[in-house]
Structures are given as C-alpha cells and as structure tokens.
Amino acid sequence: MSTAKRPTTKASTATKTASVTAKATATKKVAAAAKVTPKATPPKKSPPKKTTVVSSDAVQLLDYYREMLFIRRFEERAARAYTQALIGGYCHLNLGEEAAVVGLMSALRPTDYLFTNYREHGYAIARNIDPNAIMAELYGRVDGVSKGWGGSMHMFDMEHRLLGGYGIVGGQLPLATGAALAIDYRGGDDVVMCTMGEGTSNIGAFHESLNIAQLWKLPVVFVVINNFLGMGTKVELSSAEPEIYRRAAAYRMPSARVDGADPIEVAAAARIAVESARAGQPYLLEVTCHRLRGHSVVDPAKYRSASEVEELKLHDPVHNLAERLLNLGLTDADTLAALDEAMLARLDEIAAFAEASAHPDVNTLFDYTYATPVPNDSRRLPGQSLFDENGVAR
Amino acid sequence: MSTAKRPTTKASTATKTASVTAKATATKKVAAAAKVTPKATPPKKSPPKKTTVVSSDAVQLLDYYREMLFIRRFEERAARAYTQALIGGYCHLNLGEEAAVVGLMSALRPTDYLFTNYREHGYAIARNIDPNAIMAELYGRVDGVSKGWGGSMHMFDMEHRLLGGYGIVGGQLPLATGAALAIDYRGGDDVVMCTMGEGTSNIGAFHESLNIAQLWKLPVVFVVINNFLGMGTKVELSSAEPEIYRRAAAYRMPSARVDGADPIEVAAAARIAVESARAGQPYLLEVTCHRLRGHSVVDPAKYRSASEVEELKLHDPVHNLAERLLNLGLTDADTLAALDEAMLARLDEIAAFAEASAHPDVNTLFDYTYATPVPNDSRRLPGQSLFDENGVAR
Amino acid sequence: MTLMSYRQALHDTLRSEMLRDENVMLMGEEIGVFEGSYKITAGLLAEFGEKRVRDTPIAEEGFTGAAIGAAMLGLRPVVELMTINFSLIAIDQIVNHAAKIYGMFGGQAKVPMVIRTPGGGGQQLGATHSQNIELYYAFVPGLKVVAPSTPADAKALMLAAIRDDDPVLFLENLALYNTKGEVPDHDEPAIIGKAKVTREGSHLTLIGYSRMAYVAKKIADQLADSDHLDIEVVDLCSLRPLDRETIINSVKKTNCAVVVEDDWLTYGIGAEVAATISDGAFDYLDAPVRRVAMAEVPMPYAKSLETAALPSEDDIINAIYQTLDAIGHRRSKTGPHD
Amino acid sequence: MTLMSYRQALHDTLRSEMLRDENVMLMGEEIGVFEGSYKITAGLLAEFGEKRVRDTPIAEEGFTGAAIGAAMLGLRPVVELMTINFSLIAIDQIVNHAAKIYGMFGGQAKVPMVIRTPGGGGQQLGATHSQNIELYYAFVPGLKVVAPSTPADAKALMLAAIRDDDPVLFLENLALYNTKGEVPDHDEPAIIGKAKVTREGSHLTLIGYSRMAYVAKKIADQLADSDHLDIEVVDLCSLRPLDRETIINSVKKTNCAVVVEDDWLTYGIGAEVAATISDGAFDYLDAPVRRVAMAEVPMPYAKSLETAALPSEDDIINAIYQTLDAIGHRRSKTGPHD
Ligand SMILES: Cc1ncc(C[n+]2csc(CCOP(=O)(O)OP(=O)(O)O)c2C)c(N)n1
Ligand SMILES: Cc1ncc(C[n+]2csc(CCOP(=O)(O)OP(=O)(O)O)c2C)c(N)n1
Ligand SMILES: [Mg+2]
Ligand SMILES: [Mg+2]
C-alpha cells in the first residue's frame with residue numbers, strides 16, 4: 001500500500017533478509033527520485049548511441065539474434081498457415097518487434113509474470129514455452145498452450161507465468177495490476193510485466209490501472225510497445241501526448257523511452273524498470289519499434305505510403321542485427337545461412353506437430369464454463385430442446 | 001480537427017472577421033506555448049496573494065458576495081427540506097464551494113455551455129436559472145427545471161445552457177467533449193465548461209475525454225473542483241498525482257491551479273481558461289476548495305477528525321468574504337445582516353413556491369421515453385397484464 | 001439461530017470469512033474509512049487493516065479488474081460496487097475477463113472472486129441510479145449470479161460465493177438491508193444454482209428473487225390469512241445457473257404462476273422464467289404466466305411518477321387474482337381485491 | 001431496385017444521408033484512413049473529409065460519449081463500434097447517458113444518434129469476440145434497437161435510424177455483410193418498431209432477427225421445396241420496441257413457433273419472444289415454443305468446439321420437425337430429417 005510498508009511485509013519472510021535490505025534501499029531511492037520530479041527519467045528523443053560490444057555482450061547478441069530469428073520464422077510460418085486456412089480467427093504477428101520482445105523478456109526472472117495482448121506469439125516463445133504448443137494453439141488443437149480454447153490472441157501458460165494474451169484492448173492492464181496486488185499482498189518479490197500497444201494508452205483502463213499501481217506501490221512494469229500505429233491510425237492522431245512514457249507523470253510514476261531496435265538497449269532499460277518494480281515502485285517503459293507488415297495477417301496496410309514502406313526496410317531489427325553481427329565479425333554469412341536453414345527445418349517440424357495434434361473433442365465443450373461444479377448449469381447443445389423427454393432441463 | 005482549421009471555419013462566418021483575427025492569433029500563441037512545454041502553466045503551490053481592491057473590483061466583490069450568500073442560504077434551505085423529507089434521493093450541496101461557483105460562472109458568456117455533476121444547485125443559480133425552478137426540481141414538481149424528472153442530481157436548462165447535472169461519476173466528461181465537438185463542427189465560438197470533483201479525475205472517462213479534446217482541439221474547459229475529498233477518501237489516497245492540474249501534461253494540454261477561496265482569483269483563472277478554449281486550445285483548471293459538510297446531506301462525515309473540523313472554519317469562503325468586505329470598509333455589519341434577512345425571506349418564498357407546485361401527473365409517465373414516437377413501445381403499468389382483454393400488447 | 005438484519009448477516013459473514021481465510025480481502029470505494037456507503041463493511045478496516053480492506057479510487061473498471069487479476073493468483077477478493085448501476089463501468093472486466101478467463105485459457109486459471117452490489121429502486125434516485133440490471137450478468141456463462149432475499153440466505157450464499165472458485169455476482173438490495181430474520185449460527189454454505197420453495201402451496205406459484213422474493217413471501221402469507229389462499233412461493237436465489245427444476249415442479253402442482261421482478265418486463269429476468277414454465281410445464285399450465293415488473297421508462301425522480309413505475313404489492317395481488325380468475329379458481333373467501 | 005450487398009447498402013445509405021444532411025457525421029475507430037474494419041465506410045473520408053469522417057483513438061467510452069454530447073447539440077453522429085463486444089467499454093455512456101438524457105431532464109434534450117455495430121460469431125474469434133449481447137441494449141427503455149437481415153432492410157432501417165431523434169443501436173452482422181439482395185432506389189425509411197413477415201405460411205412460425213432471420217427464410221424456402229412445408233417466417237427487425245402483434249398474429253395462425261437466435265438461450269432475446277407467445281397466444285399454442293440458440297459456454301476458439309456451440313441449419317430443421325411432430329402435423333413428404 002505504501003512505500004514504507006513493502007519492506008516490512010517482506011521482512012516477515014525471515015529467510016529473505018539479505019535481499020530485503022537491498023530492496024528496501026532501492027525502494028527508498030526510487031521513491032525519493034519520484035518525489036523530486038514527477039518525471040523521474042528525462043526524455044530520450046535521439047536514438048540511443050550504439051553500445052560498444054564487449055565479449056560477453058557478443059555472446060548475448062548472438063543469443064538474441066537466434067531468438068529473434070526464430071520468432072521471425074515462426075511468425076512467417078504462422079502467416080503461411082493462416083493463408084492456408086489452418087489457423088482461424090485473427091492473427092497478429094510480432095514482425096518488427098523481435099528485438100523488443102527478446103530484450104524485455106530477458107529482464108524477467110522465470111518466476112515473474114507476464115500479461116500481454118493479442119500480439120503475443122513472440123513473447124510466448126521468449127518465455128520458453130514449447131513452440132510446438134504455441135503453434136498447436138494457433139491451429140486450435142488439444143496440444144495448444146490453451147488446449148485450443150484461446151487461439152492466436154489468448155495464449156496462457158501458468159508454468160511459464162505467461163498469464164495471457166488478451167484481445168480486448170487494454171483489458172490486460174487491470175488484471176496485471178491485480179496480479180501485482182496479489183504479490184504485494186503475500187509479500188513475495190515477483191514482478192508483473194504488462195505489455196500493450198501505444199494505441200492502447202488512450203483507453204480508460206490505462207489511466208485507472210497506472211493510478212492504482214502507483215497509489216498502492218505495486219510491483220508492476222507497464223510496457224508500451226510504440227510501433228507508431230494502432231491498426232491504421234498514426235500515434236499523433238490517437239495520442240495527444242505521442243511520447244507515451246511521459247504520461248507516467250500524471251501518476252508521479254518513473255518512466256523511460258527506449259529504442260526497440262537494439263535488444264541490448266531494451267534489456268538494459270527493462271532491467272531498470274523491473275528492478276524498480278521489484279522494489280515497490282511501478283514503472284512505465286516505452287519501447288519504440290516498427291510494425292513491418294499489416295495489423296494482422298489479412299491487413300494489406302494500404303494506408304502506408306510507398307515511401308513509408310520503403311523506409312520500413314531500414315527498421316527491420318532482425319536484418320539489422322545480422323548486419324551488425326557481420327560487421328563486428330561475430331559471425332559470417334554461411335553461419336547465419338545455416339542457422340536459418342536449421343530454423344526453417346525446425347518450423348516444418350513444429351507445423352507438422354500442430355497439424356498432427358487432435359481437434360478438441362466435442363464432449364469437452366462444457367468442461368471449462370465453471371471451475372467449481374454447480375447444479376443446473378446448462379449443458380444443452382444448440383439443437384437440443386430445453387427440456388428432455390423426461391421433462392428434465394438440460 | 002486541427003488548430004489551423006478552426007480559424008478558417010470561423011472566417012467563413014463573414015460578419016465575425018474582427019474577432020476571428022484576434023482568436024486566430026490567440027490560438028497560435030496558445031498552441032505554440034503548449035508545444036514548447038507540455039505544462040504550459042507553472043504550479044501555483046502557495047495560495048495566491050490577495051488582490052488589491054480597486055473600485056470596480058469592489059462592486060464586483062459585493063456582487064459575488066451576494067451571489068455566494070444566496071447559494072449558501074439556498075443550500076441550507078435544501079438541507080432543511082431534505083431532512084423534512086420534502087426532497088428525496090441524494091442531495092449534495094455546494095457548501096464551501098460558493099466562491100469557486102460564482103468565479104467560474106462569471107467567466108462564461110450566457111451562450112457558453114455548462115456540463116456538471118450531481119453537486120450543481122449553486123451552478124444552476126449562478127447561471128441565472130430561476131431559483132423557484134431549481135427548488136421545485138428538488139421537490140420533484142412540474143415547475144422544476146427538469147419538470148421533476150431529474151431531482152437534485154439532474155438539473156437541466158437548455159435556455160441557460162446548463163446541459164446537465166449528472167450522477168454517474170465522470171459521465172459528463174465525454175458528453176461535454178462531444179458538445180465542444182458540435183460547436184467546432186459548426187464553426188461557432190461558444191465554449192463548453194465541464195466541472196467535476198478531484199475524485200472523478202481517476203476514472204477512465206477523464207483520460208479518454210481529455211485526450212480526445214486535445215487531439216481535436218475542442219473548445220472545452222475541464223474544471224476540477226478539488227475539495228480534497230471524494231466522499232470520505234482523501235485526495236492523496238485516490239490520486240497518485242494529487243495536484244490534479246498536472247495531469248494535463250499527459251495530453252500536452254495547458255492547465256493551472258487556483259485557490260477557490262477568492263471569487264476574483266477564480267474568475268481571473270477561469271477567464272484565461274475559457275478564452276484559451278474559445279481559441280481552440282482546451283484547458284484543465286483545478287480549483288481548490290473545502291467541503292464544509294458531509295458528502296451529501298445525510299453524511300455525518302465522521303471520518304473527519306476534530307482538528308480537521310476545526311480547521312474547516314477557516315475555509316468558509318462566504319464568511320471570509322464578509323470579513324474582507326467589512327475590513328475593506330466596503331460594507332458594514334448592518335447592511336450584511338439586512339441582506340441576509342432579505343435572502344432568508346426570499347428563500348421562504350422559493351420553498352413555498354416549490355411546495356405549491358404540482359406533482360407530475362401519472363399520465364405523463366410515458367411522455368419522455370422517446371422523442372420520436374414509435375409503434376409498439378410499452379405503455380404498460382406494473383399492475384397491468386402484458387396483453388389487454390382484446391389480446392393487444394401494451 | 002440469531003435474529004439479525006440482512007446487513008448484519010452480510011457484515012458478519014464477510015468478517016468470519018476474513019478470519020477463516022487470509023486470502024479473503026475486500027476492495028471497493030468507500031468501504032474502509034467511510035465504512036461503506038451502506039455500512040456493510042463497518043468496522044472491518046479497523047479490525048483487519050488497510051491490506052485486507054482496501055479503499056479504492058473511483059475507478060470501477062480498474063479495481064474490479066485488479067480483483068480479477070488478484071484472484072488469478074489465488075487471492076479471494078470480495079469487491080463492493082456501490083450500486084449495480086455503476087457496474088456498467090466495470091462490465092467489460094466482468095463479462096469479457098472474469099467470466100472468460102477460465103474457459104478462454106482452457107481451464108488453466110481460476111477466478112475465485114465475489115462482486116457484491118446492491119440493486120433496488122424506489123428511493124427517488126432517478127434514471128441512472130434506479131436500474132436493476134442483474135440480467136446483464138445472469139446472461140453470461142462463466143459467471144454465477146446469486147440474489148438472496150433473507151438474512152439467512154445472505155449468509156449462506158455469501159459463504160458459498162467466497163468459497164467458490166468462480167466469479168460470483170452477489171446481488172444485494174437497498175430495501176432489504178434493514179430487514180430482519182433468523183440466521184443459523186453454523187457456517188454451512190448454500191448450494192449455488194438452487195432455488196427454494198419458501199412457502200408450500202397449491203393454488204398458484206409466485207416467483208421472485210431478491211427483494212421481490214421477500215415481498216412474494218409476505219404477500220403469500222398475508223393472503224393465506226386474509227383470503228385463505230394457498231400460494232406456493234419460489235425464491236430463485238440463483239439467477240445463473242437457473243434452477244428450472246424447482247420452478248417447473250411447483251407449476252406442475254399449481255398449474256399457474258405469477259413472476260414478480262424489480263426490473264423492466266421486456267427481456268427481463270421474468271421473461272426467461274415465463275418461457276421456461278411455458279415450455280417445461282406446457283401441459284400443466286392453465287393460464288398464461290403473468291409477469292409483474294417495472295414500467296418501461298427511464299425512472300423519473302418525482303415520487304408520484306416513481307411510484308407509478310414500480311410494481312406495488314397491490315399490483316402483485318391483483319395479478320394473482322386475475323390469474324386465479326382466468327383458471328376459474330373459486331375463492332374460499334371474498335377479499336377486498338374484487 | 002438494384003442488386004447489392006448488405007455492406008454496399010450500408011455504405012451507400014451512409015453516404016446519401018451525409019449528402020442530404022450536413023449534420024450527419026461519422027465517428028469510430030479505423031473508419032477513415034483504414035476505411036473501416038469491415039469496409040462499410042470505404043471512400044467516405046476521401047469524399048467528405050476529416051470533419052465528417054472522424055477516426056478516433058481507441059476510447060470507446062470517450063468517443064461514444066462525445067457523439068452523445070454532439071447529438072445533444074443537434075449533430076446526428078453515426079458511431080461505429082468495431083464489434084458489439086467492444087461496446088461493453090462504452091455501455092455506461094449508452095445505457096446511463098444516451099438512453100437517459102431525454103427522460104431524465106424532462107424531455108429537454110434529444111439524442112439523435114446511431115450506434116452501428118456488428119454482432120455475429122462463427123469466425124473462430126474466441127470467447128471475448130464472439131458474443132451477441134444486443135440483449136443489453138434491447139432491455140433498455142430510451143434506446144431503440146434494430147437488426148436488419150437484408151440489404152433492403154439495412155438501407156431502410158439506416159435511413160430511419162439516422163432520421164430518428166432517439167439513440168438507435170443498429171445491429172449489423174459479420175456474416176451478412178457479403179449477402180446480396182435487391183434494394184429499392186428510393187429513400188423510404190422503414191418504421192422502427194415493426195416486425196416483418198418475410199414468408200407467409202401456415203404450418204409453423206419461424207422467428208429470427210439479423211443473421212438468423214436470413215437463415216430462417218432460407219430454411220423455410222428450402223423446406224417448402226424439399227418437404228412441401230409451409231412455414232411462416234417472422235423477421236423481428238426491431239428488438240426494442242418489440243412488435244408483439246406481428247408475432248402473435250402469426251402464431252395464432254400456425255399454432256406453433258420456433259425461435260432461432262445467435263445468442264445464449266437462457267435470458268436471451270428468444271426468452272422474451274417465447275414468453276410473449278406463450279402469453280399472447282396461450283389458447284392457440286399447440287406445442288411449447290422451441291428455442292434454438294448457442295450453447296452456454298465461453299465460445300472456444302477451436303473449430304470443432306465452436307461449430308458444436310453454434311446453432312446450425314440442421315439444428316433448426318430438427319427443431320422445426322420436432323415441434324411439428326409434437327402437434328401431430330402429418331408431413332406431406334418424408335424428408336431426410338426423420
Ligand atoms: C476495446 C477494443 N477496441 C477495439 C479493438 C480492436 N483493435 C484490436 S487491436 C487494435 C489496435 C491496437 O493498437 P496498439 O495498441 O497500438 O497495438 P498494436 O496492434 O499496434 O500492437 C484495435 C483498435 C479491440 N480489440 N478492443
Ligand atoms: C461511476 C460512479 N461511481 C461511484 C459513484 C458514487 N459517488 C458519487 S459522488 C462520489 C465521490 C466523488 O468525489 P469527487 O469527484 O471528488 O466529487 P465531490 O463529491 O467531492 O464533489 C462517488 C464515489 C457514482 N455516482 N458513480
Ligand atoms: Mg501500435
Ligand atoms: Mg471531491
């Protein structure tokens with residue numbers, strides 16, 4: 001509830017004394033900073049300078065690249081399956097967001113929670129969920145992460161603490177705030193990350209959630225993926241403050257903006273945000289990136305001008321990172337080609353797995369209406385009459 | 001839609017060329033200011049210095065006092081009638097808010113629009129609506145401003161452009177934004193003022209409305225009456241940014257805070273806000289004041305400590321203004337006493353009028369469901385069967 | 001058994017459940033310092049502290065959603081929405097999130113929470129504060145909706161709701177808070193999804209829920225005394241699931257029914273009850289199911305109009321007699337309602 | 001008459017109304033630059049400019065409320081809500097404001113606006129994007145709710161809705177957008193509040209609205225050909241007001257009815273229709289009113305489960321035959337449905 005209280009709550013868990021002290025200090029620092037000036041972090045308008053790569057960073061960069069490339073190939077595969085009508089509903093891809101995804105996810109502990117939106121395949125991958133299960137979900141099969149009940153927009157995995165993709169714009173924000181409340185209530189030191197698009201920052205739930213999170217000092221990081229577009233609407237036409245991180249000022253919440261082109265930059269900014277939240281000071285992190293294709297697989301994005309489309313090519317984070325790795329001499333073209341080859345083969349297997357997985361049995365239709373069984377709930381199929389031959393309601 | 005466009009729209013009204021030029025300039029200035037720094041107006045934390053009273057101000061002050069005193073006596077009379085069960089429902093009073101009310105209303109032209117909330121009797125009075133009609137509304141009678149259909153929370157008068165008291169917290173904000181949109185659409189130069197409490201600034205509609213108003217450069221002033229309490233909740237426990245005017249930064253909207261103790265200060269701040277809006281730059285104005293009694297007539301406000309109650313006495317704007325008038329030699333005790341006497345007598349008449357007014361006839365129950373008549377709408381009374389003797393549905 | 005008010009029963013049950021399970025916590029506007037708009041939570045902040053009795057900003061969507069998120073992690077939040085009218089600001093979180101999370105993710109996350117909120121009317125609160133929109137929740141699979149009419153049921157259903165692993169909309173009623181009744185001292189939860197025959201009878205089935213179940217019982221008792229009428233009263237108790245069996249069994253016995261409700265007639269809760277009876281007791285029904293409900297207007301403030309728009313006890317009594325007349329029931333006593 | 005799609009009819013009518021009355025303007029997410037999620041507004045931004053075709057932020061409550069406020073000052077906004085599921089974010093503005101303003105202020109301010117929004121399902125959109133919650137609006141006095149099933153009705157009802165001085169919820173349907181039909185060239189508005197007999201018949205009354213009225217008509221035509229059945233089809237067209245007379249008159253002729261709907265059965269739109277028939281045609285009804293509706297679950301994504309949860313044409317045909325069987329109707333031809 002209050003900054004002062006969190007460390008006390010935690011101190012009661014006797015075994016955690018050491019980390020508690022560290023956290024208590026951090027809490028005070030962040031809170032103090034937040035007090036002096038409502039905007040704890042100065043605007044970063046110019047793109048961040050490129051970091052010099054030291055050797056551990058080199059390994060890191062290669063790892064990031066591998067992950068980003070896998071997400072890229074996964075999404076392309078999903079797009080293909082969608083156009084083949086193997087995937088239904090809506091299908092939104094992370095193309096262009098790969099560096100942001102891997103950078104953000106690298107800042108979370110496995111025990112931290114993630115709430116996200118309908119554009120979440122990459123996040124599920126980066127949270128180390130079995131890609132077979134992710135693809136199977138897209139196919140609507142029993143081996144899917146949500147057993148085929150969720151589809152592209154609604155991936156969920158309690159074990160990996162992905163607490164849902166959500167399809168209602170902004171719907172995940174109050175939920176994430178509440179999950180952070182539960183952590184705070186119990187005195188754990190997990191953190192909740194909650195991602196959303198920049199267009200989502202205009203909905204009422206954004207305001208209500210950030211206010212509550214800051215009032216109650218909840219361990220949550222709100223992340224705005226600013227890809228400058230919500231469907232076809234440019235950020236300047238949807239947000240009167242198009243630099244979204246500045247909106248944190250309305251809640252005296254610290255915030256920052258980072259260029260989502262570079263996974264290392266993103267990871268660094270995300271770590272600051274996550275550790276702030278862990279210390280009881282919620283945080284708003286804005287990550288800029290570019291949506292390389294349409295809003296969803298079916299959107300031809302005709303509203304983009306030729307020059308915009310041209311410019312997009314400069315913003316492909318996977319391509320750019322490959323270039324960078326080559327320029328830095330950290331890899332060579334053959335290695336990258338082999339990597340790509342291997343991934344494509346892997347994705348063939350994944351797609352085959354998904355396609356081989358069974359369709360949910362119609363007998364399971366009434367399995368998930370209620371967690372606690374209840375008498376008189378309806379199990380009537382559409383073609384059945386309300387009362388059966390014996391006059392019993394179904 | 002855009003700043004550039006408003007003057008053009010207006011210029012098409014040929015007769016208004018002079019004022020158009022002035023406005024166009026103003027628009028540019030405000031817009032420019034808003035651009036340089038999101039917070040156009042610096043915080044005013046210390047209470048404003050007392051203005052030196054010049055003679056025209058003296059007349060003004062006396063006028064304000066008269067109006068404030070009338071509101072005070074009206075509200076006290078309403079409280080009495082409520083405890084006598086002559087008024088039903090909820091009844092929220094403006095006690096302590098009188099200086100804010102008259103200051104704000106003085107900044108509006110008669111053709112400007114006001115949207116407000118359930119705490120609006122004083123606003124209705126200050127908009128020059130017949131107090132007989134206001135009291136009759138509280139009594140739920142046919143001569144009420146809303147013909148008895150609205151009650152204390154829902155006063156409405158198209159002629160005086162009071163477009164409603166609203167009882168759903170925050171409900172009036174989108175409406176006010178839309179009224180400003182209609183003005184902008186048609187190219188008029190009216191302004192919409194929309195008042196709310198500080199507790200209301202935490203609801204989603206606040207965020208959505210301010211964002212839309214600023215995006216579309218609508219002629220609307222949002223006014224937050226910060227009385228530091230929403231029912232029993234202190235502002236620090238409801239708003240992570242308790243200086244509400246600062247929230248305008250999240251929309252690059254200019255804003256200011258003014259002490260609501262002094263009607264002249266309030267009027268001056270309100271004029272700046274209103275003229276900004278008239279020039280196409282919406283504005284957020286925070287007016288601080290103190291709620292002298294409970295949230296509504298029935299609330300004993302037990303959550304206030306004795307010292308808080310004691311301190312409140314220092315914040316009675318009507319009493320303080322009387323003192324000031326006396327100290328400045330602008331009036332004397334006898335005059336004030338006579339004024340009060342006259343007002344009390346006037347309120348007896350008003351209450352008598354209300355009580356004499358007829359209760360709405362039950363035959364009018366179905367008069368206001370639809371503005372455009374429609375076949376098959378239900379006119380069934382609760383005791384009637386759905387189908388009449390002839391099998392016709394009612 | 002202890003005689004107590006509906007308000008007291010709610011208060012005491014919340015308190016005892018908080019003592020029993022530390023995951024139970026309360027959230028809502030003005031429930032702490034202000035002690036609740038209708039004082040259900042009086043004293044609980046002082047007893048349990050800010051952690052477990054949380055005053056929220058005016059942000060129904062935000063805090064209701066936060067309760068859902070907290071429930072996903074195992075807390076058992078009990079949210080107070082000041083009146084059901086304000087639930088419209090939170091309804092996206094309730095219908096699109098609380099009700100969907102269990103199914104949409106294939107049963108991986110439960111949402112064990114309660115949303116308490118009073119309906120009611122007749123207090124001159126005007127059009128936006130006098131609605132009975134429990135229908136909006138009763139319509140939604142994934143939610144459970146209960147609506148107790150007595151202090152004893154308030155206790156038993158609150159126990160059940162808090163201990164249930166699904167989101168439960170717990171409908172209270174402004175006009176019931178001060179009503180009194182005997183309340184068992186033991187902590188036996190009710191079974192959600194079950195209706196109750198609160199008075200056995202053979203002449204007619206009178207059906208209601210929440211305040212109208214209370215009124216129905218009262219009228220039935222009264223008509224038994226004054227007119228020797230033998231009316232069976234069914235208190236729905238649960239709106240979702242709806243206990244069709246109890247309703248049908250009663251009508252099979254009485255052959256006619258009157259449904260009383262505090263909401264609008266067209267598409268109201270009574271529509272389903274009437275449709276259910278007309279289907280399940282088709283061969284037993286001797287007269288159309290009569291519905292007594294609000295007039296279909298935005299509720300006016302003026303007392304004269306409000307009174308006209310709300311179902312009165314006389315309206316219900318007349319509906320009973322008109323239905324009995326229709327089936328040719330011979331009255332055992334000529335009462336004042338002819 | 002011109003043959004065109006439901007989508008085209010909507011588009012053309014919006015356009016012609018904008019040409020006719022400059023107070024008519026459009027608001028909604030992605031209706032301009034993106035040309036509408038379902039392309040109803042394609043080309044209108046280019047033709048009418050930003051003033052009259054306004055792309056909004058994702059802020060359903062804010063912009064729907066803004067449309068209400070603009071309507072109070074005399075504009076005639078037509079708001080697009082991308083799907084009816086998202087209307088839950090705006091419902092407080094619709095139910096507590098648009099529907100109340102005229103009455104709550106004693107008739108002083110009108111709210112002449114239209115909220116267009118598609119319902120529908122069967123597109124594997126999952127639990128939060130597959131709901132049919134028109135009930136929420138049909139329940140509310142002060143709103144008018146229309147639900148056309150053909151291109152011609154889409155045109156005529158849109159003309160009526162835009163010219164009406166009350167807030168009108170205009171229900172479209174994803175699955176109807178591409179359906180075609182003859183549309184009159186003249187601009188004659190429909191009368192809101194009237195149902196339509198779209199096929200006369202004597203064996204059974206089949207009732208639906210929106211997509212289900214379309215399906216009902218199709219099935220009736222088909223069964224006339226294949227099975228020599230003579231089914232009367234009632235298209236409700238308007239959900240509030242509900243045209244009970246047309247429904248009852250039909251059932252008085254056919255003596256039995258099947259109601260088909262795309263929403264959940266319990267408390268769904270069909271409940272009121274069934275209750276209405278069971279009351280108003282009590283002495284004429286030879287079998288219980290049968291309802292065909294969705295299974296009561298949060299809609300699963302998987303095709304196999306979604307298909308099982310949605311009413312199919314076979315479900316409707318079976319319901320028709322079961323109802324006819326119940327009243328002992330002798331089939332003139334033995335079809336494949338035995
Ligand atoms: C409440 C609600 N309104 C509208 C939509 C339709 N919709 C889905 S995604 C989207 C755009 C979101 O933009 P942004 O937040 O920037 O995220 P992005 O898609 O760019 O990642 C819209 C309008 C929705 N799903 N929910
Ligand atoms: C949506 C909604 N939630 C809750 C309420 C109950 N309520 C009425 S007034 C009020 C407090 C508002 O506080 P504030 O905005 O500060 O205004 P004040 O009453 O102090 O003038 C509350 C919670 C309501 N009317 N509407
Ligand atoms: Mg975006
Ligand atoms: Mg206040």
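Throughout, protein chains are lettered first and strands after them, A, B, ... in sequence-line order, and every chain is numbered starting at 1. All values below come from the heavy atoms of this structure, side chains included, with hydrogens, waters and symmetry mates left out.
- Neither the backbone nor the side chain of B/Phe387 comes within less than 4.5 Å of any heavy atom in chain C.
- The residue among B/Tyr90, B/Tyr370, B/Phe206 with the most heavy atom pairs within less than 4.5 Å of chain C is B/Tyr90.
- We find that B/Arg247 and B/Glu241 are not joined by a salt bridge, their nearest charged nitrogen and carboxylate oxygen being 4.0 Å or further apart.
- Interface remark: of the candidates B/Asp377, B/Asn202, B/Thr369, B/Leu365, B/Leu365 forms the most heavy-atom pairs closer than 4.5 Å to chain C.
- Among C/Ser304, C/Ala59, C/Ala127, the residue with the largest count of heavy-atom pairs under 4.5 Å with chain B is C/Ser304.
- Both the backbone and the side chain of C/Ala309 come within contact range of chain B, judged by heavy atoms closer than 4.5 Å.
- The 12-atom threshold is not exceeded at CZ of B/Arg293, counting heavy atoms of other residues, nucleotides or ligands nearer than 6.0 Å.
- Most heavy-atom pairs under 4.5 Å with chain B, from the set C/Val33, C/Thr128, C/Asn85, C/Leu265: that is C/Leu265.
- Both the backbone and the side chain of B/His359 come within less than 4.5 Å of a heavy atom in chain C.
- Contact count against chain C (heavy-atom pairs under 4.5 Å) is highest for B/Gly148 among B/Gly230, B/Gly148, B/Gly144.
- Looking at B/Leu138, the atoms closer than 4.5 Å to chain C (heavy atoms on both sides) all sit in the backbone: N, CA, C or O.
- For B/Met153, the part lying near chain C is the side chain, with the backbone staying farther off; criterion is any non-hydrogen pair under 4.5 Å.
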### Task
Check step by step if side chain to side chain donor-acceptor pair (under 3.5 Å) holds for C/Ser87 and C/Tyr137.
CA-CA 10 Å; C/Ser87 74; C/Tyr137 305 102; 2.7 Å; yes
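- Figure legend: cation-pi geometry between B/Lys302 and C/Phe34 absent, as NZ or CZ is not positioned both under 6.0 Å from the six-membered ring centre and within 45° of its axis.
- Here the closest non-hydrogen pair linking C/Glu306 and C/Tyr301 is CB-O, 4.5 Å.
- Within 6.0 Å of the CD atom in B/Glu311, the count of heavy atoms belonging to other residues, nucleotides or ligands does not exceed 12.
- Using a cut-off of 4.0 Å between Lys/Arg side-chain N and Asp/Glu carboxylate O, B/Lys234 and B/Glu308 are scored as salt-bridged.
- With a threshold of 4.5 angstrom between heavy atoms, C/Ile316 does not approach chain B through any atom at all.
- Chain B forms the most heavy-atom pairs under 4.5 Å with one residue out of C/Gln123, C/Glu29, C/His129, and that residue is C/His129.
- Classification of the B/Phe228-B/His290 ring pair by plane angle, with boundaries at 30° and 60°, yields tilted.
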